[in-house]
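Chain A is the first sequence line, chain B the second, and so forth, proteins listed ahead of strands; every chain is numbered from 1.
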Amino acid sequence: MGRSLFIGLDGATFTVLDALMRDETMPFLRQFAANGTRALLQSTPHPLTPPAWTSLMTGRNPGNHGIFDFMWPVYQDDRVFIKLVDSRDIRCETIWSLLSRQGRRVTALNFPVMFPARPVNGYLVSGFVSWRHLRRGTYPPEFYDTLKTLPEVNHRELGMDLDQEKKSIQGLEPEEYEAWIELHIRRERQWFEITRYLMMNEPCDLTAVLFDGTDKLQHVVWPMLNPALAPIAPSPWQRRVRDLCLAYFRDLDGYLAKLVELAGPDSQIFMASDHGFGTSEEIFYVNVFLAQHGYLQWGSSANAVDGTGRHLPQRMSIQYGLIDWSKTLAYCLAPSSNGIYIRVAHQPGQPGIATADYERFRGELIEKLLAFRAPDGGQVVTRVMTREDAFPGNETLRAPDLTLVLRDHGFVSVLNAPTVLWRRDQPVGGHHPHGIFLASGPGIRSGFSASILSIVDVASLLVHSVGLPVPSDLEGRVPVEIFTSDFCRAHPVNLGEPTQPVVAYPVSSKDSALPEDEEAAVLSRLKNLGYIE
Amino acid sequence: MSESSQVYEKDAILQDLIQIIDGLIGDWEIGFSGKLGPNTLLVSDLGLESIDVVGFIVAIEEHYQRQDLPFAKLVMVDNRYVEDMSLGELADFLHRHLNK
């Protein structure tokens, strides 16, 4: 088999892409899809960037790879330290490692949770990392010096600017939209230039690059990208913003075309997103719900009601002092995971429920969540997943006790508010479990729409595409239905040895109870570290 | 890289820290012209932001191949987040905990 190219499109959805293909904003992608196979791609149980991309890169569910959110608490003696997840927290082998140790050359660019960079047989540049730390997110580190010299590459813009990211999620002022979109137009060009340079000068068996502006734009300008929400009579500002978005997607289409051309006619090309996007029209204030049912007690900052009037899609917000931890049995720490943690008292006198009461307590909480109704009579929390159901595996205990699915697939808010449910003034974009999958190239069926695939299938598919046996412990399958029968006969799927265990450094116990007052300290640290508002 | 049974001398740790931080700030174009030493302050002198402190800690953990160092005890004193710390204080902290 020839070389393979994988292009990640963060948060991409056919809801937007189909419209852009129809109106000729993305003519290459339209042709690519017509000549190949397309399918919806089922994301992880909670469709979020770190767990979803890690599932795609490992072929394992979060219960095994151990990444559930952007951050996780590390328990140390009687203390807790919150840290951003990084590559050392992934408990399964990635396909970059798998291919490298079997002699295949790999390029992997801009994927999350890859910092600090691990050695590969090729090149790796981590995504979602501040530019100031990008050298340590690059393998080999010397390649950082090379990429800085490439035309049109501004290394200061390649990385993630945490302040800018927070702003985009919390909501931009109208005058900030255009600069935000222009930044992502420039960033995509830079990642394209790096990819092109490596494909031309250091061709690999698998080249993979992630373009993440798709997600960033959709979070901010969803009503102007989703055809169903497009304003009938757009204002001049809306027209300018929409035009800039179209410029972004036109550029992206051009990069896709050039990368596919560079890969050559013998290469199989795959594109996928980590999750899709949908419309969120309401906010579920989960901690308000818990307080109303007596599971959570607001603290000294209880007046910090979300009264900004903005009611933003996923405010990364919980404020120190907001919750009285001595009287709280269940809470949501951060909205990104849509998770509820149940406090279990491991010793007499600690706040929390008794260990023996855990199942009953959890069952009661699930019932109440599912029973909650909106003023329109609709069920708001459509599904409550226990951690062992949603995330089976060796790392299950790292997950929140419960993970909520809302009827609009939105993120919860963790703030205090006058009501449990708030209807947004304007709909916003939020993550949806159905991402995209596209494939084209030798042996791939043309004009074929496959049934929905799983995000863990992609790892198996990429391993098979470069001609290696698929490790027996990958949880996905090679979706052979996307191949022609001739190709399947010539290239049967072979199962191989399981992936190799990941060598971990000594870590503090993750089973320790969260001591009294420490949860408050966690929030304080998060706030001070700038991870949450 | 160091082995877990190794005894870590404070001066050697400080030199490790200087080497690590020098490798980090070398890319930052921050215009620091002083000499890195035990009294160098991470925030005031080197301009580290919170995310940079996280990156520095990751680099330290990588260097010593440990993820169990109780940095919470260093950055939180009396449940307050410390505003700054020197390389010497960091070396003292590592000297205490690497040799446990």
- Message: Using side-chain heavy atoms (C-beta onward) and a distance below 4.5 Å, is B/V54 in contact with A/H133?
- Response: no

- Task: Carefully, step by step, assess B/D27 and A/K148 under the rule side chain to side chain contact (heavy atoms under 4.5 Å, CB included).
- Result: CA-CA 11 Å; B/D27 286 321; A/K148 282 165 62 175; 4.0 Å; yes

- Message: If you apply the rule side chain to side chain contact (heavy atoms under 4.5 Å, CB included), what do you find for A/R88 with B/V58, and how did you get there?
- Response: CA-CA 10 Å; A/R88 299 168 302 164; B/V58 171; 3.6 Å; yes

- Side chains of B/I30 and A/R132: does their closest heavy-atom pair fall under 4.5 Å? yes

- Item | Region of A/R136 that comes under 4.5 Å of a non-hydrogen atom in chain B | side chain

- Crowded around B/Q19 CD? As in, over 12 foreign heavy atoms under 6.0 Å? no

- Query: Is the number of heavy atoms from other residues, nucleotides or ligands within 6.0 Å of CG (B/D11) greater than 12?
  - Reply: no

